[in-house]
Amino acid sequence: MKASFKARYEPDKATAFATVAANAGDFKLRASMTDATIVNGPCLNGLGLAIEKPGFFIIDYNVPKKDLRFQFMNTIRVAEKPLNLTYIHSKGDNKTILNGSLALDPANKVSANHAFGTGDTKLKYTYVHGGLTTFEPSYDLGKNAWDFMVARKVYGDDLFRATYQSSSKNLGLEWSRASKLNGSFKISASVNLAEERKTPKLCAETTWDFEM
């Protein structure tokens, strides 16, 4: 069994999230809860259950909302290139999404995301330079807007990331570290350049993984 604990800190609030997962043959069983599950006494708020067959499907069940979410994955070959397809359907809000990503080579990838019934379609191109720097422009057809992301790996475990959303004029900066020994953390700040008072929003997250 494996367990993980995640805490999120913001200037006005703090939240926590815990997950326990166990293997059952070819399947993985997972239970998750938030601080809302236990703060006011044991309850169903924030409780989720899931069953997964890696590479094939994931079924999530939101216990308090009695809502199911289905996710099916498949990979096909297109001109000898792997095309990864993911179909997602949420029963509660009756929302269906299809994701597709095509790896042209180890450094170049194109992907698309389409939400059925809404007309929302996003196209994205990912380029990895030297295995350390990632450039990722994307275009939202529904909003007729571009988004941009640049990420750089440093010192092995550290990642610096910058994002810009042209539709909302939101600029984000993030520093994260993934370590199996000392846990993982992420510190982020975002600011809306369209606002008169450009006050940054700060957030810190830490994650610990355990073998049980």
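Residue numbers start at 1 and run along the sequence shown. Hydrogens, waters and symmetry mates are skipped; everything else that's a heavy atom, side chains included, is used.
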- Message: In the structure I gave you, are the side-chain heavy atoms of N84 and M73 within less than 4.5 Å of one another anywhere?
- Response: no
- Are Y125 and F135 connected in a single hydrophobic cluster, I mean Ile/Leu/Val/Met/Phe/Trp/Tyr linked by side-chain heavy atoms less than 4.5 Å apart? yes
- Query: Just how far is it from atom OG1 of T86 to atom CD1 of I58, taken to the nearest 0.5 Å?
  - Reply: 8.5 Å
- Query: Using the ring of each side chain (for Trp, its six-membered ring), is W175 parallel, tilted or perpendicular to F160, with breaks at 30° and 60°?
  - Reply: parallel
- For Q165 against D147, the heavy-atom pair lying closest together: CA-OD1, 3.2 Å
- Query: When hydrophobic residues are tied together by side-chain contacts of less than 4.5 Å, even through go-betweens, does F185 share a cluster with F5?
  - Reply: no
- Donor-acceptor pair, side chain of T134 and main chain of A151, under 3.5 angstrom: no
- Message: Using every non-hydrogen atom in the two residues, find where K91 and D67 come nearest and quote the distance to one decimal.
- Response: C-OD1, 3.6 Å
- Query: Which value, rounded to the nearest 0.5 Å, describes the distance between K201 atom NZ and C203 atom SG?
  - Reply: 11.5 Å
- Looking at K153 and G131, what are the two nearest heavy atoms and their distance? CD-O, 4.2 Å
- Message: With heavy-atom distances below 4.5 Å as the criterion, would you say the side chains of L202 and Y9 are in contact?
- Response: no
- Taking every heavy atom of P137 against every heavy atom of F148, the minimum-distance pair comes out as CB-CD2, 4.0 Å
- Item | Contact check, side chains of K109 and S101, non-hydrogen atoms, under 4.5 Å | yes
- Passes side-chain contact (heavy atoms from CB on, under 4.5 Å), N62 versus R69? Steps please. CA-CA 8 Å; N62 187 313; R69 180 178 181 270; over 6 Å; no
- Message: Within the 4.5 Å heavy-atom criterion, are T15 and T34 side-chain neighbours or not?
- Response: no
- Item | Taking every non-hydrogen atom, the tightest pair across V191 and P200 | CB-CA, 4.3 Å
- Hydrophobic cluster identity match, L141 and W146, side-chain contacts under 4.5 Å: yes
- Message: Rounded to the nearest 0.5 Å, what separates atom NZ in K95 from atom OG1 in T118?
- Response: 7.0 Å
- Report the relative orientation of the aromatic rings in Y127 and H129; use parallel for angles under 30°, tilted for 30 to 60°, perpendicular for over 60°. tilted
- Considering non-hydrogen atoms only, spot the tightest contact between L123 and A112 and give its length. CD2-CB, 3.8 Å
- Item | Shared hydrophobic cluster, V110 / L85 (ILVMFWY, side-chain heavy atoms < 4.5 Å) | yes
- Item | Spatial distance of atom CD1 (I59) from atom NE2 (H89) [nearest 0.5 Å] | 12.0 Å
- Query: Are I187 and Y155 connected in a single hydrophobic cluster, I mean Ile/Leu/Val/Met/Phe/Trp/Tyr linked by side-chain heavy atoms less than 4.5 Å apart?
  - Reply: yes
- The reported gap from CG in D105 to NZ in K81 (rounded to nearest 0.5 angstrom) is 6.5 Å
- Go through the steps to decide whether Y87 and T96 satisfy the test side-chain contact (heavy atoms from CB on, under 4.5 Å), and finish with yes or no. CA-CA 7 Å; Y87 171 89; T96 302; 3.4 Å; yes
- Any side-chain heavy atom of K28 within less than 4.5 Å of one from P54? yes
- Message: Could you check whether any side-chain heavy atom of L68 comes within less than 4.5 Å of a side-chain heavy atom of F70, counting everything from C-beta outward?
- Response: yes
- If you measure from CZ on F56 to CD on Q71, what distance do you get to the nearest 0.5 Å? 14.0 Å
- Message: Under the criterion side-chain contact (heavy atoms from CB on, under 4.5 Å), I'd like the reasoning laid out for N23 against K2: C-alpha separation, chi angles, the key distance, then a yes or no.
- Response: CA-CA 9 Å; N23 292 326; K2 295 182 179 180; over 6 Å; no
- Message: Within the supplied structure, the quantity of interest is the number of heavy atoms (other residues, nucleotides, ligands) at a distance under 6.0 Å from K13 NZ; does it exceed 12?
- Response: no
- Query: Do the side chains of D60 and R30 get nearer than 4.5 Å, heavy atoms only?
  - Reply: yes
- Could you check if a side-chain atom of Y139 sits within less than 4.5 angstrom of a side-chain atom of N144, using non-hydrogen atoms only? yes
